[in-house]
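Contents: one structure, followed by commentary.
Just so you know, these numbers use all the heavy atoms, side chains as well, and skip hydrogens, waters and symmetry mates.
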Amino acid sequence: VQLQASGGGSVQAGGSLRLSCAAFGSIFSVKDMAWYRQVTGKEREVVATITSSGATNYADSVKGRFTITRDNARNAVLLQMNSLKPEDTAVYYCNADIQYLNGDQIHEMYYWGYGTLVTVSS
């Protein structure tokens with residue numbers, strides 16, 4: 001199982017970007033999914049989470065500007081980022097709680113995608 005993220009880039013303040021992340025492999029089901037971000041020298045912080053039923057939660061710093069959604073048919077999670085600020089500059093990581101098949105057994109663990117860099121200039 002692996003998570004593949006895409007959509008990072010550079011944008012001016014006030015602009016928008018959309019991140020996407022899809023899970024691939026012998027997946028039985030995908031439960032909670034989330035986006036995190038990390039600035040060099042700081043701890044990784046949660047940006048937004050979404051449950052399998054679609055319930056969402058956001059960090060206070062992004063409420064009203066970011067929207068997390070998921071496409072269960074593609075085992076994917078999206079992050080629409082609007083009104084971007086320079087302080088949103090970070091490497092963004094997707095995370096997912098995945099049940100996967102190993103032979104005839106179902107296992108579960110959290111997976112991380114490779115980070116994608118978002119740079120917002122003032």
Can you name the closest pair of heavy atoms from [X] and [Y] and give their distance?
X: Val1; Y: Ser26; result: CG2-N, 4.2 Å
X: Ser52; Y: Val30; result: CB-O, 4.0 Å
X: Ala90; Y: Leu117; result: O-CD1, 3.6 Å
X: Ser122; Y: Pro86; result: CB-CG, 3.9 Å

Hey, quick one: are [X] and [Y] part of the same hydrophobic cluster, counting side-chain heavy atoms closer than 4.5 Å, chains of contacts allowed?
X: Leu78; Y: Val11; value: no
X: Tyr93; Y: Met33; value: no
X: Ile27; Y: Met109; value: yes

For [range], pull every pair meeting salt bridge (Lys or Arg N to Asp or Glu O under 4.0 Å), keeping only residues two or more places apart or in separate chains.
range: residues 47-64; result: Asp60-Lys63
range: residues 5-17; result: none
range: residues 72-87; result: Asp71-Arg74
range: residues 13-36; result: Lys31-Glu108

Worksheet item: With side chains defined as the heavy atoms from C-beta onward, is the minimum distance between Thr49 and Ile68 less than 4.5 Å?
Response: no
Fill in: Test item: Thr69 and Leu79 side chains (from C-beta on) under 4.5 Å apart, heavy atoms
no
Practice prompt. State which residues pass side chain to side chain donor-acceptor pair (under 3.5 Å) with Asp88; sequence neighbours excluded, sorted by chain then number.
Written response: Arg37, Arg65
Fill in: Pairing residues for Ser83 by the side chain to side chain donor-acceptor pair (under 3.5 Å) criterion, not counting sequence neighbours
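Expected list: none.
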Applying disulfide (SG to SG under 2.5 Å), which residue pairs with at least one partner in [range] are found, sequence neighbours left out?
range: residues 73-122; value: Cys21-Cys94
range: residues 55-91; value: none
range: residues 46-91; value: none

Worksheet item: Judged by atom type as modelled, is there a donor-acceptor pair below 3.5 Å linking the side chain of Asn95 to the main-chain atoms of Tyr111?
Response: yes
Practice prompt. Evaluate the criterion side chain to side chain contact (heavy atoms under 4.5 Å, CB included) for residue pair Leu3 and Ile98; output intermediate values, then yes/no.
Written response: CA-CA 10 Å; Leu3 296 178; Ile98 296 175; 4.0 Å; yes
Practice prompt. Go through the steps for Tyr114 and Thr116 under the test side chain to side chain contact (heavy atoms under 4.5 Å, CB included), then give the verdict.
Written response: CA-CA 7 Å; Tyr114 287 107; Thr116 183; over 6 Å; no
Worksheet item: What pairs of residues pass the ring pair (Phe, Tyr, Trp, His ring centres under 6.0 Å) test when at least one of them lies in residues 18-69, not counting sequence neighbours?
Response: Tyr36-Trp112
Response to the item:
Val118 meets the side-chain contact (heavy atoms from CB on, under 4.5 Å) criterion, sequence neighbours left out, with Leu17, Leu19, Met81, Tyr92, Val120
Worksheet item: Between Gln99 and Ser29, do the side chains contain an N or O donor and an N or O acceptor separated by less than 3.5 Å?
Response: yes
Worksheet item: Just checking, any donor-acceptor pair under 3.5 angstrom between side chains of Thr119 and Thr89?
Response: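 No, because no side-chain N or O of Thr119 sits under 3.5 Å from a partner of the opposite role on Thr89.
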Practice prompt. Mind checking ring-ring contact (aromatic ring centres under 6.0 Å, His included) for Tyr100 and listing every partner two or more places apart, or none if nothing turns up?
Written response: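 So Tyr100 forms a ring-ring contact (aromatic ring centres under 6.0 Å, His included) with His107.
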Discussion item. Rounded to the nearest 0.5 Å, what separates atom CG in Asn72 from atom OG in Ser53?
Written reply: 9.5 Å
